[in-house]
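These numbers come from the heavy atoms of this one structure, side chains and all, not from hydrogens, waters or symmetry mates. All chains are named by letter (A, B, ...) in the order of the sequence lines, taking the proteins before the strands, and each is independently numbered beginning at 1.
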4 protein chains.
Amino acid sequence: MPALHHGNRHGRSEQARRSVLEAADDLLAERGFAALTVEGIAARAGVSKQTIYRWWSSKVDILLDTLADDMAQMLTPPDYRDLRRDLSEHLHRVARFLTESDAGAVYRALVGQAQHDPALAARLRTDYLSEQRARDRLPLLRGIERGDLPAGTDVDVAIDRLFGPLYLRVLVTGEPVPRAFTDRLVDAYLAAP
Amino acid sequence: MPALHHGNRHGRSEQARRSVLEAADDLLAERGFAALTVEGIAARAGVSKQTIYRWWSSKVDILLDTLADDMAQMLTPPDYRDLRRDLSEHLHRVARFLTESDAGAVYRALVGQAQHDPALAARLRTDYLSEQRARDRLPLLRGIERGDLPAGTDVDVAIDRLFGPLYLRVLVTGEPVPRAFTDRLVDAYLAAP
Amino acid sequence: MPALHHGNRHGRSEQARRSVLEAADDLLAERGFAALTVEGIAARAGVSKQTIYRWWSSKVDILLDTLADDMAQMLTPPDYRDLRRDLSEHLHRVARFLTESDAGAVYRALVGQAQHDPALAARLRTDYLSEQRARDRLPLLRGIERGDLPAGTDVDVAIDRLFGPLYLRVLVTGEPVPRAFTDRLVDAYLAAP
Amino acid sequence: MPALHHGNRHGRSEQARRSVLEAADDLLAERGFAALTVEGIAARAGVSKQTIYRWWSSKVDILLDTLADDMAQMLTPPDYRDLRRDLSEHLHRVARFLTESDAGAVYRALVGQAQHDPALAARLRTDYLSEQRARDRLPLLRGIERGDLPAGTDVDVAIDRLFGPLYLRVLVTGEPVPRAFTDRLVDAYLAAP
DNA sequence: TCGTAACCGAGACGGTACGTCCTGTCTTGTC
DNA sequence: GACAAGACAGGACGTACCGTCTCGGTTACGA
């Protein structure tokens with residue numbers, strides 16, 4: 001394993017890749033998406049622009065790369081074998097991811113940018129949101145299996161009802177999303193699933 | 001009354017103002033937010049860049065201006081003296097506004113941009129979203145007054161539950177928002193208000 | 001007699017005219033020709049741009065106006081009935097006009113600008129330089145009349161020989177033009193007229 | 001030796017440099033200094049504005065660059081071992097340079113602009129005029145060495161007397177500068193050196 | 001062991017849009 | 001009818017990034 005190298009015939013430099021992703025993350029957190037430029041990332045990462053364009057197509061592409069691992073890691077729902085608790089915990093984690101984590105800031109920036117860029121929107125959906133949707137379904141599917149939810153439950157509508165209000169606050173109104181709020185959404189859902 | 005004039009000490013040219021707003025609207029619809037430039041708007045509107053910068057601070061500022069009238073006009077909830085029908089109709093109109101109208105495209109672009117620009121986010125909230133929130137409250141307040149809803153109903157949470165799933169589809173997943181979906185949200189809310 | 005008025009049916013405002021000429025002069029002296037703008041003159045003079053364009057065609061036109069009186073006044077050669085003294089004194093005065101006076105600064109700016117603007121060059125020659133040339137001829141013509149110079153003396157070449165070195169220093173090399181230098185030119189000319 | 005390349009870490013593109021200088025020269029000759037713009041030069045040269053600003057600070061800076069070679073080449077005095085002939089020929093060449101050559105047009109434009117711009121004036125003097133002055137001194141120094149001129153001759157005043165009338169005609173009066181005129185200046189100088 | 005291929009940094013290149021400044025024209029209402 | 005005020009279309013300014021390109025240096029396999 002070549003560990004850290006500065007370029008050779010055997011593949012890209014892992015060091016350069018990490019520097020770029022970290023620089024992009026840092027600059028996004030420090031200055032925001034609007035002030036994020038490929039030139040800035042290159043300078044911060046100590047990397048040439050060419051190296052960036054060799055491996056990524058744009059600053060958005062870099063951000064998508066930084067997101068890949070984090071989402072699966074942070075947003076996999078727990079399994080307490082208790083529907084209410086599973087939902088409550090998962091919603092709370094999603095809320096914290098979106099509002100407090102660096103990865104959440106990247107996510108919000110990408111969802112924002114997707115409003116201007118249909119190609120990004122499509123890519124986000126196929127590569128990221130569909131996987132997240134699959135994770136979000138898990139607690140509900142387990143609930144159906146256990147008989148805590150009726151067999152015919154429309155899981156997708158359930159997810160829209162549970163997570164929609166959360167996204168509304170995060171993306172539109174900017175209101176905080178405390179646990180009391182997410183728990184109330186769970187209550188409302190369970191009262192009329 | 002000076003009606004249409006060409007700009008003098010007594011104020012700006014109404015003709016120039018309208019040309020700019022229309023040009024911005026058209027270009028957004030035709031090419032999208034990313035391809036929208038102040039230079040392009042100026043050229044399309046037959047107006048100098050200086051005139052644009054005299055009255056607006058950025059392309060975002062222009063778009064905010066195009067939005068002002070449309071929102072109040074398109075998104076005022078009807079009053080059928082029937083809570084279910086009021087909510088159903090209003091949600092449906094909001095859904096159509098967001099997904100089908102030119103003004104909705106402007107709105108989505110601005111919400112997207114607000115993810116990158118806290119100042120825009122703040123301005124959107126104080127100048128636009130709070131007014132819309134006030135309009136959204138009306139059917140529910142009337143329902144409470146009529147006794148169709150309990151006196152202690154938390155109207156804001158109700159709005160989050162009713163509209164959140166809609167925004168999730170529009171801004172994130174890109175799924176369509178048919179009337180069947182919005183009606184289902186109304187059903188779920190009324191089943192456990 | 002309308003004395004000072006603010007614009008009316010009785011003709012142009014003398015106050016506005018003076019303000020503009022003074023403002024132009026001051027700004028040229030303070031900031032130089034390059035930083036001189038019609039807008040700046042208007043602001044400094046407390047006059048509208050329209051008023052300037054009503055009476056002058058450009059900033060150059062204003063400067064020409066400021067020059068008109070000064071040149072005749074400052075550059076009329078004295079008559080001591082002594083060729084050497086007349087020439088010495090006149091050359092010295094021209095040198096001081098060009099290097100030390102505000103009007104000289106205007107003159108240098110206009111000669112500079114005339115290198116870029118053939119119309120200005122033509123106007124300078126017909127309206128200003130020809131009159132100055134006529135004044136410069138006077139001491140020599142009087143010298144011929146008195147018999148101090150040969151009858152066939154080429155007065156124009158004489159003027160070129162006497163004043164050319166002076167202009168070379170003022171316009172090109174930037175060297176000072178002390179009286180010793182101008183007197184030396186007179187000596188050289190009189191030694192071989 | 002990389003000869004012609006397209007610009008990289010090892011230096012600028014010689015092709016871009018030449019294109020810019022030629023374009024500036026052509027445009028000055030065609031339309032004059034006032035109509036010369038950096039944008040116009042960039043467009044004509046097929047070069048981006050950024051490339052121009054990377055290497056030159058203004059259109060004046062470009063023109064200075066075009067002048068460098070031409071002056072030394074066109075204005076080096078000949079050596080016929082004959083003072084009168086050397087001076088006559090050199091003056092005539094300078095006159096033709098100033099009035100007929102493209103480089104002379106550039107020179108006149110720069111001297112004109114130097115009236116508005118002290119920094120340019122200083123740069124012209126240190127980088128160009130002093131070298132030219134050195135060349136202008138050569139015939140006179142050789143004349144002194146040969147004994148054709150007195151040992152104590154003030155060479156600088158001699159140059160002012162010989163060239164001043166020429167510059168007066170070129171820069172101020174616009175009169176032609178035929179060989180008869182320059183020869184007459186030589187005669188006058190040699191009659192009273 | 002040395003050539004060679006892939007990757008690296010550096011940075012110049014042609015472009016596009018930015019936001020500012022000034023030009024010269026115009027319109028309005030006052031004096 | 002001249003004036004102050006100032007909005008207007010136009011266009012050049014100088015700057016910031018974009019995405020592409022070429023260069024010379026570094027690394028490590030394979031001939």
Side-chain angles (χ1 to χ4, degrees), chain A residues 2 4-13 15-16 35-40 42-43 45-55 57-59, chain B residues 2 5-13 15-17 35-40 42-43 45-55 57-59, chain C residues 2 5-13 15-17 35-40 42-43 45-55 57-59, chain D residues 2 5-13 15-17 35-40 42-43 45-55 57-59:
Chain A
L4 294 183
H5 54 86
H6 294 287
N8 51 45
R9 64 194 326 182
H10 308 290
R12 67 193 290 191
S13 159
Q15 180 178 308
L36 191 66
T37 66
V38 173
E39 293 213 335
V47 142
S48 77
K49 283 168 62 181
Q50 181 58 25
T51 295
I52 293 186
Y53 282 108
R54 211 192 322 271
W55 301 109
S57 63
S58 66
K59 68 176 181 177
Chain B
H5 55 85
H6 296 283
N8 51 45
R9 70 188 304 181
H10 305 292
R12 62 197 292 192
S13 160
Q15 181 178 308
R17 183 181 160 275
L36 191 65
T37 66
V38 173
E39 295 213 323
V47 142
S48 76
K49 283 168 63 180
Q50 181 59 43
T51 294
I52 293 186
Y53 283 109
R54 204 185 335 263
W55 301 111
S57 62
S58 64
K59 66 178 181 177
Chain C
H5 53 88
H6 293 286
N8 50 38
R9 56 180 41 177
H10 308 293
R12 69 190 288 190
S13 159
Q15 180 179 310
R17 181 180 163 275
L36 191 66
T37 65
V38 173
E39 291 212 334
V47 142
S48 77
K49 282 168 63 183
Q50 181 58 29
T51 295
I52 293 185
Y53 282 109
R54 208 188 327 268
W55 303 109
S57 63
S58 64
K59 68 176 181 180
Chain D
H5 55 85
H6 296 285
N8 50 42
R9 71 187 305 183
H10 306 291
R12 60 196 293 189
S13 161
Q15 181 179 308
R17 182 180 162 275
L36 191 66
T37 65
V38 173
E39 295 214 321
V47 143
S48 77
K49 283 169 63 180
Q50 183 59 45
T51 294
I52 292 186
Y53 283 110
R54 211 192 319 274
W55 301 110
S57 62
S58 64
K59 66 177 181 178

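Taking every heavy atom of both residues into account, Ser13(B) and Ala16(B) meet most closely at OG-N, 3.0 Å. The minimum heavy-atom distance linking Ala42(C) with Ser48(C) is given by the pair CB-C, 4.2 Å.
Counting to the nearest Å, the C1' atom of dC8(E) and the CD1 atom of Ile52(A) are 13 Å from each other. Rounding to whole angstrom units, CZ of residue Arg12(B) and C1' of dT28(E) are separated by 17 Å.
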statement: Protein heavy-atom contacts under 4.0 Å, written 5' to 3' over nucleotides 14-20 of chain E as B (base), S (sugar-phosphate only) or - (none), form the string BB-SBBB
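Distances shown here put every side-chain N or O of Trp55(D) at or beyond 4.0 Å from the OP1 or OP2 atom of dA12(E).
Residues meeting the salt bridge (Lys or Arg N to Asp or Glu O under 4.0 Å) test with Lys59(B), sequence neighbours left out: none.
For the pair Ile52(B)/Lys49(B), no side-chain contact is recorded, criterion being any heavy-atom separation below 4.5 Å from C-beta on. Counting heavy atoms from C-beta on, the side chains of Arg12(D) and Trp55(D) come closer than 4.5 Å.
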